Amino acid sequence: EGAYRNTSEFEISWRLTQNASDLTGFRIDYALNNGSGWSGEWETLGEFNGFSTTFNGSNGALYRFRSIARDIYGNVESKSTYGTEFLIDTTTPASLLRVVDTTGNPTNLTGIYLAWEPATAADRDIASYRLQLRNGSGWETLALYGGVDEYYFAPAIDGEYAFRVLARDYAGNGETKPEADVVIEF
């Protein structure tokens, strides 16, 4: 029913649910929830003869849409509910990677536990985390997780290992980090 959009401008479309040769067009309405509740009345986006248009909204706002059909006889569809809703989310999520508390010096350990989580309470819409390792020149993905978790890493050989975690939210916004979150030498 609902969906996320990671851009403030996107196409909305509608369709007929039955054959209507006497149709003359549609009125598209929307309602806004900016975090303080629904705005109340439906706002008219416009009158359309086709089946799509572009909508421009605001980051962090939830919009509901409905289409109201009209025919050549002047009949107008009566509809009190919405057909779909979209949450606009253009904010990149932020994550935090840390070494789970150890009792000894990491150079004396055979492995470590890494844990990740949202960087702030505002980053609660994270859909996945990608844990990556750099041992040399490039980043390699160790694991992909759907939530907060831990990973045990035990190197095959001693050396310096860099780790980072990259978050992706439900709207598809992806975190980028050129540098490591954690660097450990075994």
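This one's a predicted model, so the numbers in the text were calculated from it and none came from an experiment.
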Next on the checklist: For a salt bridge (Lys or Arg N to Asp or Glu O under 4.0 Å) check, start with the C-alpha distance between Arg27 and Glu77, then their side-chain angles and the critical distance, and finish with the verdict.
Outcome noted: CA-CA 10 Å; Arg27 183 183 80 227; Glu77 180 181 18; over 6 Å; no
Next on the checklist: Check for me whether the distance between the ring centres of Phe153 and Phe163 falls short of 6.0 Å.
Outcome noted: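 Centroid distance Phe153-Phe163: below 6.0 Å, so yes.
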Once you round to the nearest 0.5 Å, how far does [atom1] of [X] lie from [atom2] of [Y]?
| X | Y | atom1 | atom2 | value |
| --- | --- | --- | --- | --- |
| Phe10 | Phe86 | CZ | CZ | 5.5 Å |
| Asp89 | Leu62 | CG | CG | 11.5 Å |
| Tyr170 | Leu87 | OH | CG | 12.5 Å |
| Tyr145 | Glu150 | OH | CD | 10.0 Å |

Item to check | Same cluster (ILVMFWY, side-chain, under 4.5 Å), Leu166 and Trp139 | outcome: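 Shared cluster, no.
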Checklist entry - Ile184 and Leu96: same hydrophobic cluster, using ILVMFWY side-chain contacts below 4.5 Å? => result no
Under 3.5 Å, is there a donor on one side chain and an acceptor on the other for [X] and [Y]?
| X | Y | value |
| --- | --- | --- |
| Glu175 | Ser95 | yes |
| Thr141 | Gln132 | yes |
| Thr91 | Asn59 | yes |

Item to check | Side chains of Trp42 and Arg64 in contact at under 4.5 Å (non-hydrogen atoms) | outcome: yes
Item to check | Glu9 side chain near Thr54 side chain, heavy-atom distance below 4.5 Å | outcome: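 A side-chain contact exists here, since the closest heavy-atom pair is under 4.5 Å.
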Item to check | Residue from Phe65, Phe48, Tyr82 passing ring pair (Phe, Tyr, Trp, His ring centres under 6.0 Å) with Trp14 | outcome: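 Only one of Phe65, Phe48, Tyr82 forms a ring pair (Phe, Tyr, Trp, His ring centres under 6.0 Å) with Trp14, namely Phe48.
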Item to check | N/O donor-acceptor pair under 3.5 Å between Trp116 side chain and Gly147 backbone | outcome: yes
Next on the checklist: Donor-acceptor check, side chain of Arg98 to backbone of Leu114, threshold 3.5 angstrom: yes or no?
Outcome noted: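 No.
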Checklist entry - Which residue pairs satisfy the salt bridge (charged side-chain N to carboxylate O under 4.0 Å, His left out) criterion with at least one member in residues 36-49, sequence neighbours excluded? => result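 For residues 36-49: Glu47-Arg70.
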Checklist entry - Tyr113 vs Tyr152 aromatic rings, parallel, tilted or perpendicular, using cut-offs 30° and 60°? => result tilted
Item to check | Contact summary for Val76 and Ile68, nearest pair of heavy atoms | outcome: CG1-CG2, 3.5 Å
Checklist entry - Quick one: side-chain hydrogen bond (donor to acceptor under 3.5 Å, both in side chains) partners of Thr44, sequence neighbours excluded? => result Asp29
